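Quick caveat, the model's predicted, so the values are computed rather than measured. We're numbering straight along the sequence, starting at 1.
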Amino acid sequence: MRSSNPPKQPATVDIVIPVLNEAHVLKRSIGALHTFLKSSEFPYNWQIVIVDNGSTDGTIRKAEELSSEYPEVQSLHLTQRGRGRALRHAWLQSRAEIVAYMDVDLSTDLKHLRPLIDSIATGGHDVATGSRLQATSETTRSAKREFISRVYNLMVKAILFTGFSDAQCGFKALSRRAVEHIIPQVEDQSWFFDTELLVLAERQGYRIADIPIRWVEDDDSRVKIFKTGCKTSSPVPSIE
C-alpha cells in the first residue's frame, strides 16, 4: 500500500553575497555562482541575495540589473556599511530554511557549497563554517595573511576557549532556528560579526560543522587586515 504522505520538498536556501564597491567584479561572480547552481547537482530550492551596504561606485545599479536578468537573484540595499549589518538584514528578513553567505570574490571553491548546506539540511548541524586551517584544507594566500590569520585564531582559542578552527572565513551557513536565536544577539556590525556569531553558537550548544575547504586569496582584495583589526577595542569580541 502506498503512503499517502506527500514527498518531502527540498529545503529552501538563501545564498547571501554582501558587497561594498564591487561593481567591477559583481556580474562575473554572480554569473559564475548562478551557472554553478544551475548546472551542478545542488538539490535545494535556492536564491542568490546580493546585499549592497553603502557602495558609491555603481554596485547598486549592477545588482539591480542582475536581479532583472536572473529570476533567482534578489537585490537589497543598505545605506550604512558593515558586512555584519548586511548579513543580519538579509538573514533576518529571509524566510528560507537555511541561509548562507560567501564573499563576492568566490575565494572558496564552489564545490564546498553542497557539503556546507548538507551539514545543516541532513547532517544535524545548526551552523556550518568553512575552514582554511584544517589539516586537509588547501589554502593559497600570502605569507603575511597566513601569519595574521593563524595568530588571530590562536588568540581566539586561547582567550575564548573555542573549538572551531577558523573564526573569520567568509563561507558560512545557518539553520533558520540558529538565525532567529543567535543573530539578534550579535553586536558587531562589521568584520568580526563572524567570530562573535561562532562563539555565541558554540557557547549556547549549537552544533557547528567545521568544513575544510579549498581557498584561493583574491589578489584584488581591498581588505586591510591590520587596519581592520585595530578598529576594534579588543582582539576578539567581548562576550559574556
Side-chain angles (χ1 to χ4, degrees), residues 5-19 30 33-34 36-37 40-53 67 70-78 82-104 108 110 112-131 162-164 166-190 192-211 213 237 239:
N5 294 328
K8 186 176 181 180
Q9 295 297 311
T12 53
V13 179
D14 275 1
I15 303 165
V16 176
I17 312 292
V19 290
I30 297 301
L33 176 57
H34 186 273
F36 173 83
L37 291 168
S40 68
E41 295 181 0
F42 192 72
Y44 302 103
N45 293 320
W46 55 271
Q47 175 181 231
I48 300 170
V49 182
I50 305 168
V51 190
D52 173 77
N53 57 110
S67 67
Y70 300 118
E72 302 89 355
V73 175
Q74 178 187 8
S75 173
L76 301 176
H77 171 61
L78 301 177
R83 182 173 74 176
R85 179 175 287 105
L87 292 173
R88 173 194 294 270
H89 177 77
W91 285 350
L92 288 176
Q93 66 88 42
S94 169
R95 299 275 61 88
E97 296 167 80
I98 300 171
V99 297
Y101 100 90
M102 63 180 66
D103 293 330
V104 69
T108 302
L110 291 176
H112 301 296
L113 184 57
R114 171 75 186 271
L116 188 82
I117 303 303
D118 283 351
S119 66
I120 294 175
T122 60
H125 294 86
D126 295 291
V127 178
T129 182
S131 173
T162 55
F164 50 84
D166 190 347
Q168 285 297 113
C169 183
F171 191 69
K172 290 182 173 61
L174 283 75
S175 68
R176 172 53 45 192
R177 181 174 80 105
V179 168
E180 299 295 342
H181 288 86
I182 299 172
I183 299 306
Q185 301 176 53
V186 180
E187 296 182 3
D188 192 279
Q189 299 292 310
S190 299
F192 298 100
F193 176 93
D194 293 64
T195 298
E196 192 175 353
L197 185 163
L198 290 175
V199 172
L200 285 168
E202 188 171 81
R203 289 191 173 183
Q204 294 176 29
Y206 288 90
R207 292 188 63 198
I208 300 175
D210 206 18
I211 299 172
I213 59 171
I239 300 173

Going by heavy atoms in the side chains, are R85 and P18 under 4.5 Å from each other? no

Could you tell me the separation between the CD1 atom of I182 and the CH2 atom of W91, rounded to the nearest 0.5 Å? 10.0 Å

Looking at G82, is its backbone amide N or carbonyl O close enough to the side chain of S190 to form a donor-acceptor pair, meaning the two atoms are under 3.5 Å apart? no

Going by side-chain hydrogen bond (donor to acceptor under 3.5 Å, both in side chains), name the residues that satisfy it together with H181, two or more places apart in sequence or in a different chain. none

Rounded to the nearest 0.5 Å, the OG1 atom of T129 sits from the CD atom of Q168 at a distance of 9.5 Å

Hits for side-chain contact (heavy atoms from CB on, under 4.5 Å) against A121, two or more places apart or cross-chain, chain-then-number order -> Y44, I98

Which residues pass the salt bridge (charged side-chain N to carboxylate O under 4.0 Å, His left out) test with R177, sequence neighbours left out? D126

Testing L197, V199, L198 one by one against T195 for a side chain to side chain contact (heavy atoms under 4.5 Å, CB included), which residue passes? V199

Which residues share a salt bridge (charged side-chain N to carboxylate O under 4.0 Å, His left out) with D103, sequence neighbours left out: R83

Side chain to side chain contact (heavy atoms under 4.5 Å, CB included) between I183 and L174, worked out: CA-CA 10 Å; I183 299 306; L174 283 75; 4.0 Å; yes

If you take all heavy atoms of D194 and A167, which pair is closest and at what distance? CB-O, 3.4 Å

List for me each residue that meets ring pair (Phe, Tyr, Trp, His ring centres under 6.0 Å) alongside F36, sequence neighbours excluded, and say none if there are none. none

Could you check whether any side-chain heavy atom of E72 comes within less than 4.5 Å of a side-chain heavy atom of I48, counting everything from C-beta outward? no

Here the pair of heavy atoms bringing A128 nearest to I211 is CB-CD1, 4.2 Å

Tell me every residue that passes side-chain hydrogen bond (donor to acceptor under 3.5 Å, both in side chains) with D166, counting only those two or more places apart in sequence or in another chain. R132

Test item: I15 and I117 side chains (from C-beta on) under 4.5 Å apart, heavy atoms: no

Quick one: are F193 and L87 in side-chain contact, heavy atoms under 4.5 Å? yes

Counterpart residues, side-chain hydrogen bond (donor to acceptor under 3.5 Å, both in side chains), relative to H89 (two or more places apart): none

Atom pair CG (L113) and CZ (F42), whose distance is rounded to the nearest 0.5 Å: 4.5 Å

Rounded at 0.5 Å granularity, tell me how far CZ in R203 sits from OG1 in T162. 9.0 Å

Whether H34 and W46 hold their rings parallel, tilted or perpendicular, with breakpoints at 30° and 60°: perpendicular

Contacts of R176 that satisfy side-chain contact (heavy atoms from CB on, under 4.5 Å) - sequence neighbours left out: S94, R95, V99, V179, E180

What's the spacing between I17 CD1 and I30 CD1 if we round to 0.5 Å? 5.0 Å

Rounded to the nearest 0.5 Å, how far apart are OG of S119 and CG of D210? 10.5 Å

Residues in side-chain hydrogen bond (donor to acceptor under 3.5 Å, both in side chains) contact with Q189, at least two apart in sequence or another chain: none

Please name all residues satisfying side-chain contact (heavy atoms from CB on, under 4.5 Å) with Q74, sequence neighbours left out, ordered by chain then number. Q47, V49, L76, Q93

Which atom names give the shortest non-hydrogen contact between A178 and V127, and what distance separates them? CB-CG2, 4.3 Å

The side-chain contact (heavy atoms from CB on, under 4.5 Å) partners of Q204 (sequence neighbours excluded) come to Q185, L200, Y206

Sequence-distant partners of H112, ring pair (Phe, Tyr, Trp, His ring centres under 6.0 Å), two or more places apart: none

What I'd like to find out is whether the side chain of M102 reaches to under 4.5 Å of the side chain of L110, using heavy atoms alone. yes

